[in-house]
Amino acid sequence: MGFFSRIRRMLAGQTPVPGGIPILAPVDGTLVALDDVPDQVFSEKIVGDGIAIMPTGKLICAPIAGTIGKIFDSNHAFSIESPHGIELFVHVGIGTVELRGVGFERLQQEGAYVEAGTPILAVDLDLITGKVDSLLTPVVVANMEDIKQIQCASGQVIAGETTIFQVVN
């Protein structure tokens, strides 16, 4: 990481973790603690540890370079595995599975290798707002048993640019 990257992260309240692998925001928005997600599967970290984003953007991007594992039939969630062995799960909103794909569009296919920041899904936030329990979008590490540490950021994020947390495995 270069000098100016370190300075930008320090000013944004993101101190790099030595040996940490950055996980980028999959969507524009504001970071929210996973504890505040109105779904026990996420708030109690049953699926894994991480952070949530209150989205303002409509493109859901790959938070890390890797292979797309599963895209749910309703196009509201996907998994991705990095070459480092980090398995991430991105779930757009709470209660979105009930929409059965309405308001979501798949932009990539399962098994595709993508770079960080590549759009995976598109969501029509105007259409789904008010029809779901929450728009909060959890981003979690699904294989926590292989992870030593996660350091989460805070504040506003930009998809494909802002580090939302770093993983040490």
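Just so we're clear, the structure is a prediction, and the values are computed from it rather than from any experiment. Starting from 1, each residue takes its place in the sequence as its number.
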*Under the salt bridge (Lys or Arg N to Asp or Glu O under 4.0 Å) test, which residues partner Lys148, sequence neighbours left out?*
none
*asked:* If the condition is salt bridge (Lys or Arg N to Asp or Glu O under 4.0 Å), which residues does Glu110 pass it with, not counting sequence neighbours?
replied: Lys70
Residues 116-127, side-chain donor-acceptor partners within the protein, below 3.5 Å, at least two apart:
| unit_1 | atom_1 | unit_2 | atom_2 | d |
| --- | --- | --- | --- | --- |
| Thr118 | OG1 | Glu115 | N | 3.3 |
| Thr118 | OG1 | Glu115 | O | 2.7 |
| Asp124 | OD1 | Asp126 | N | 3.2 |
| Asp124 | OD1 | Leu127 | N | 3.0 |
| Asp126 | OD2 | Lys58 | NZ | 3.3 |

*Who passes side-chain contact (heavy atoms from CB on, under 4.5 Å) against Asp49, sequence neighbours left out?*
Leu34, Lys45, Met144, Ile150
_Where at least one partner belongs to residues 138-147, residue pairs that pass side-chain hydrogen bond (donor to acceptor under 3.5 Å, both in side chains), sequence neighbours excluded_ = Asn143-Asp146
*asked:* Holding to side-chain hydrogen bond (donor to acceptor under 3.5 Å, both in side chains), I want the full list of residues that pass it with Arg106, two or more places apart in sequence or in another chain.
replied: Asn75
*Name all residues meeting the side-chain hydrogen bond (donor to acceptor under 3.5 Å, both in side chains) criterion together with Ser82; count only those two or more places apart in sequence or in a different chain, and write none if there are none.*
His84
*ring-ring contact (aromatic ring centres under 6.0 Å, His included) partners of residues 33-70, not counting sequence neighbours, each pair once*: Phe42-His91
*Please list all pairs passing the ring-ring contact (aromatic ring centres under 6.0 Å, His included) test where one or both residues lie in residues 99-133, with sequence neighbours left out.*
none
*Residues sharing Leu107's hydrophobic cluster, by side-chain heavy-atom contacts under 4.5 Å among ILVMFWY, directly or via others?*
Leu59
Please report, to 0.1 Å, the donor-acceptor pairs under 3.5 Å made by any side chain of residues 132-141, with sequence neighbours excluded.
| unit_1 | atom_1 | unit_2 | atom_2 | d |
| --- | --- | --- | --- | --- |
| Ser134 | OG | Leu136 | N | 3.0 |
| Thr137 | OG1 | Leu135 | O | 3.0 |

*Partner set under ring-ring contact (aromatic ring centres under 6.0 Å, His included) for Phe165, not counting sequence neighbours*: none
*Determine whether Ile158 and Val27 fall in the same hydrophobic cluster, where Ile, Leu, Val, Met, Phe, Trp and Tyr are linked whenever their side-chain heavy atoms lie under 4.5 Å apart.*
no
_In one Ile/Leu/Val/Met/Phe/Trp/Tyr side-chain cluster, 4.5 Å: Ile60, Leu99_ = yes
_Distance alone, cut at 3.5 Å: any donor-acceptor contact between the side chains of Gln156 and Thr30?_
yes
